[in-house]
Amino acid sequence: MSRGHLPLAGLGLTFGFTLSSAGFSDWAEVHRMFTLGLEEGGAGAGSPRLLLAFAGAVAVAMAGFRLLARKDAIPARPLTRATVPGALLFGAGWALCGACPAAVLVQVGEGKAAALLTLAGMLGGFRLHRATRRALGWRPESCTGR
């Protein structure tokens, strides 16, 4: 590992510990967040802690993207016909596995064996997307062939 990677590794470890501490690596907590605790006997039965943490993370990410976009560091990408199906597929995978791509790495680090299946599924999905894109002649930067 080069010297330049050390700060990034530290940031990644801090992010992983934060995800674990907030409960984002616990399938039951993530399920409770997405169902708002309704399966436990009514509205408000689940803790809003994860939902608030998730909303806060989205707000921080939006602010960061806006800041970077002002410097033209992030090129504008229009919504395409693949955006909604891709988002739904991502959300369905997250709901089934209880982990987004970052949280699955935290789960692996916590020693949760089922996370290895989630990770294998994610890597398989990436490969399937690449193969499909090549078979259909889509450009690498586009899911719709534009």
Side-chain angles (χ1 to χ4, degrees), residues 5 8-146:
H5 289 112
L8 294 176
L11 186 61
L13 283 172
T14 301
F15 183 59
F17 282 118
T18 302
L19 286 177
S20 181
S21 297
F24 271 111
S25 61
D26 180 6
W27 186 91
E29 283 291 322
V30 172
H31 181 70
R32 226 179 337 274
M33 176 186 71
F34 281 120
T35 62
L36 302 175
L38 294 176
E39 77 288 348
E40 296 178 4
S47 169
R49 179 175 59 102
L50 269 186
L51 189 58
L52 291 174
F54 187 72
V58 169
V60 169
M62 286 176 58
F65 279 120
R66 298 265 315 158
L67 180 65
L68 290 173
R70 287 192 181 135
K71 296 178 182 178
D72 295 325
I74 302 174
R77 297 191 84 176
L79 292 177
T80 66
R81 61 183 178 204
T83 301
V84 173
L88 290 173
L89 186 59
F90 179 83
W94 189 357
L96 288 171
C97 300
C100 66
V104 75
L105 296 176
V106 173
Q107 290 173 340
V108 169
E110 291 174 341
K112 295 179 179 174
L116 294 174
L117 293 174
T118 302
L119 185 59
M122 286 173 30
L123 295 173
F126 297 151
R127 291 184 66 112
L128 178 62
H129 172 261
R130 183 182 302 137
T132 303
R133 190 184 69 225
R134 285 182 182 156
L136 296 174
W138 292 349
R139 295 186 326 225
E141 68 277 0
S142 172
C143 288
T144 60
R146 290 183 180 177

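Starting from 1, each residue takes its place in the sequence as its number.
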K.L.:
If you compare all heavy atoms of Leu19 against all heavy atoms of Ala102, which two are closest, and at what distance to 0.1 Å?
P.N.:
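Answer, listing the atom of Leu19 first, then Ala102: CD1-CB, 3.8 Å.
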
K.L.:
Using every non-hydrogen atom in the two residues, find where Leu119 and Val104 come nearest and quote the distance to one decimal.
P.N.:
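Shortest heavy-atom separation between Leu119 and Val104 comes out as N-CG2, 3.8 Å.
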
K.L.:
To the nearest 0.5 angstrom, please state how far the CG atom of Asp26 sits from the CD atom of Glu110.
P.N.:
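Answer for the CG-CD pair, Asp26 versus Glu110, is 8.5 Å.
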
K.L.:
If I take atom NE2 from residue His129 and atom CZ from residue Arg134, how far apart are they, to the nearest 0.5 angstrom?
P.N.:
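So the gap between those two atoms works out to 11.0 Å.
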
K.L.:
Quick one: do the Thr118 and Gln107 side chains pair a donor with an acceptor below 3.5 Å?
P.N.:
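Note: Thr118 and Gln107 side chains miss the donor-acceptor criterion.
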
K.L.:
What heavy-atom pair brings Ser20 and Val106 nearest, and what distance separates the two atoms?
P.N.:
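Residues Ser20 and Val106, closest heavy atoms: CB-CG1, 3.8 Å.
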
